[in-house]
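Worksheet for the structure shown next.
Just so it is clear, the structure is predicted and the values come from calculations on it, not from any experiment. Ligands are counted one by one from 1 in listed order, and the atoms in each one are counted from 1 as well.
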Amino acid sequence: MVEQLENLFTEFKQELEKVQEQAAILNLKSAFLGKKGKVSEVLKSLKDCTVEEKKLIGPKANEIKGSIINLINEKLSALEIEVINQKLAKNRIDITAQNRYFKSDLLAGGQHPVTAISDQVKDVFLSMGFEILDGPHIETEYNNFEALNIPDDHPARDMQDTFWFSDFKHLLRTHTSAVQVRGMKTHKPPFRFIAPGKVFRCERTDASHEMVFHQLEGMLIDKNISVGNLIYFMKQLLSSIFEKDVEVRLRPGFFPFVEPGFELDIKCLICKGKGCSVCKQTGWVELLPCGMVHPNVLRHGGIDPDEFNGFAFGLGLDRLVMMRFGIDDIRHLHGGDLRFMSQFSSL
Ligand code: DAH
C-alpha cells in the first residue's frame with residue numbers, strides 16, 4: 001500500500017506538469033485528494049490492514065497528502081503571478097502619450113483675463129507688504145457712503161447709480177472703497193491692504209461701461225505719508241503691469257473720501273492717444289483715481305487723523321485689462337464668447 005501511495009504521488013507529479021490553468025489544477029487536486037479521489041480510494045482498504053501496517057501507512061499517507069497540497073499551492077501562486085505579469089505587460093501605460101484634451105482642436109479652459117491681471121496686481125502689492133482683504137457684495141449704506149464722507153444729501157451719491165435693496169439700507173456695493181471702512185475697523189495703523197472684487201452700478205452699458213465690473217481698492221495708513229509716497233506706489237504698479245513706460249498724467253479729481261484727490265490717467269493704448277470710443281475721444285483713460293485719505297474717513301474708521309494719515313486708490317481692473325491687451329469694448333469681457341476668451345487661455 002505504501003508503494004501504491006508512492007506511485008500515486010509520482011502520477012500526481014506527472015499530471016501536475018501537464019496542467020496550466022487554475023481550474024484544471026483545482027480539478028487535479030480533487031481527483032487525488034477529494035472524497036472519491038485516488039488517495040481516498042487507496043486508503044479505503046486501510047481497515048483490512050494490521051496495526052503494524054497502519055502505523056506505517058498512516059504517516060506516509062499524511063506526508064503524501066501534505067506534499068500534494070504544497071505542490072498545488074505553489075503552482076497556483078506561480079500562476080497568479082504570471083497572470084498579473086501578463087496583465088501588466090498588456091496594459092502598460094504610455095506616459096509619453098499625448099493628452100487628447102490638449103490637442104489644439106479642442107478647447108482647454110483658461111483664466112479669465114481680469115483674473116489673470118488681478119493676480120498680477122496682487123503679486124506686485126504683496127511684494128510691497130500689502131495684505132489682501134475681501135468684502136461682501138451686499139453692503140450697508142454706511143460702509144458704502146456714509147463712512148466714506150458721502151452723506152445722504154451729497155451730490156456724489158448721484159455719481160454712482162446704485163442698486164438698492166427694498167429696505168434702502170442695503171445695496172450692491174458701488175465701489176470697493178467700502179472695504180476701506182471694514183479694513184480700518186479690523187486693523188490698527190500702520191497698515192496697508194488691497195481689496196479686489198466686483199462692483200455694481202445701475203448704468204446704461206457702452207464700450208467703456210458695464211453694470212458689473214471690477215475694481216481693486218488700496219489703502220495705506222502710516223505716519224507722515226505724502227503725495228510723493230502715493231505717486232511712487234502707483235508708478236511701481238503701472239510699470240510692472242505694462243512692462244514698459246506708459247505715459248501718465250495726474251490731475252485734480254474730486255472724491256469725497258480723499259483730499260486732495262487725483263485722477264491718474266494713462267495715454268490710451270487702443271488709439272495711441274488719437275481718440276476712440278474707449279477714451280471717449282480724449283486720448284486719455286481714467287485708470288487710477290486716488291488721493292490722500294480724508295480726515296473724516298479716518299475718524300469713521302476709529303483712527304486719529306492728528307496721528308496717522310495715508311493714501312487710497314481705486315484701480316479699474318477691466319480698463320487695465322483693456323489697455324493691456326488692446327480690447328476696444330468692455331462688453332467683450334463678460335460676453336462669454338469662447339472665440340474671444342480662448343485668446344487668453346495661455347495666461
Ligand atoms: N471709489 C471710487 C469710484 O469707484 C474710486 C476711488 C477714487 C477710490 C479715489 C479711491 C480713491 O480709493 O482714493 O469711483
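- Backbone and side-chain nitrogen or oxygen atoms of Ala312 are examined, and one is located within less than 3.5 angstrom of a nitrogen or oxygen of ligand 1.
- Heavy-atom separations between Phe257 and ligand 1 include at least one value shorter than 4.0 Å.
- More than 12 heavy atoms of other residues, nucleotides or ligands lie within 6.0 Å of NZ in Lys75, so this atom counts as buried by the packing criterion.
- Near Gly314, with a cut-off below 4.0 Å to any heavy atom, the atoms of ligand 1 are 8 (C), 10 (C), 12 (O).
- Glu286 does not count as a contact of ligand 1, since none of its heavy atoms falls under 4.0 Å from the ligand.
- A salt bridge links Glu63 with Lys60: the closest approach of a Lys/Arg side-chain nitrogen to an acidic carboxylate oxygen falls below 4.0 angstrom.
- Under 4.0 Å from ligand 1, the heavy atoms of Phe313 that appear belong solely to its backbone.
- Looking at Glu217 and Arg182, no side-chain N of the basic residue comes within less than 4.0 Å of a carboxylate O on the acidic one, giving no salt bridge.
- When atom types are taken as modelled, the side chain of Asp265 and the backbone of Val248 share no donor-acceptor pair closer than 3.5 angstrom.
- Ligand 1 places these atoms under 4.0 Å from at least one heavy atom of Arg201: 3 (C), 4 (O), 14 (O).
- Seen from the ring of Phe308, Lys223 counts as a face-on cation partner, given the 6.0 Å and 45° thresholds.
- The atoms of ligand 1 that sit less than 4.0 Å from any heavy atom of Gln180 are 12 (O).
- Panel note: side chain His294, backbone Asn296; a donor-acceptor pair is recorded below 3.5 Å.
- Taking a cut-off of under 4.0 Å to the non-hydrogen atoms of Gln215, the atoms of ligand 1 that pass are 3 (C), 4 (O).
- Inclusion of Val258 in the set of residues having an N or O under 3.5 Å from an N or O of ligand 1 is not warranted.
- Under a 4.0 angstrom heavy-atom cut-off, Gly261 registers as lying outside contact with ligand 1.
- Once rounded to the nearest 0.5 Å, the distance linking CZ of Arg339 with CG of Asp337 reads 4.0 Å.
- Applying the 4.0 Å criterion to heavy atoms of Gly291 picks out, from ligand 1, the atoms 13 (O).
- Remark: distances from the non-hydrogen atoms of Met219 to ligand 1 are all 4.0 Å or more.
- Considering both main-chain and side-chain atoms, Thr174 never comes within under 3.5 Å of ligand 1 through any nitrogen or oxygen pair.
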| Hey, mind stepping through His300 and Leu148 against side-chain contact (heavy atoms from CB on, under 4.5 Å) and telling me if it holds? | CA-CA 8 Å; His300 273 292; Leu148 289 167; over 6 Å; no

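- For Phe233 and Phe130, the ring centers are positioned less than 6.0 Å apart.
- The contact set between ligand 1 and Cys290, taken as ligand atoms under 4.0 Å from a residue heavy atom, comprises 9 (C), 11 (C), 13 (O).
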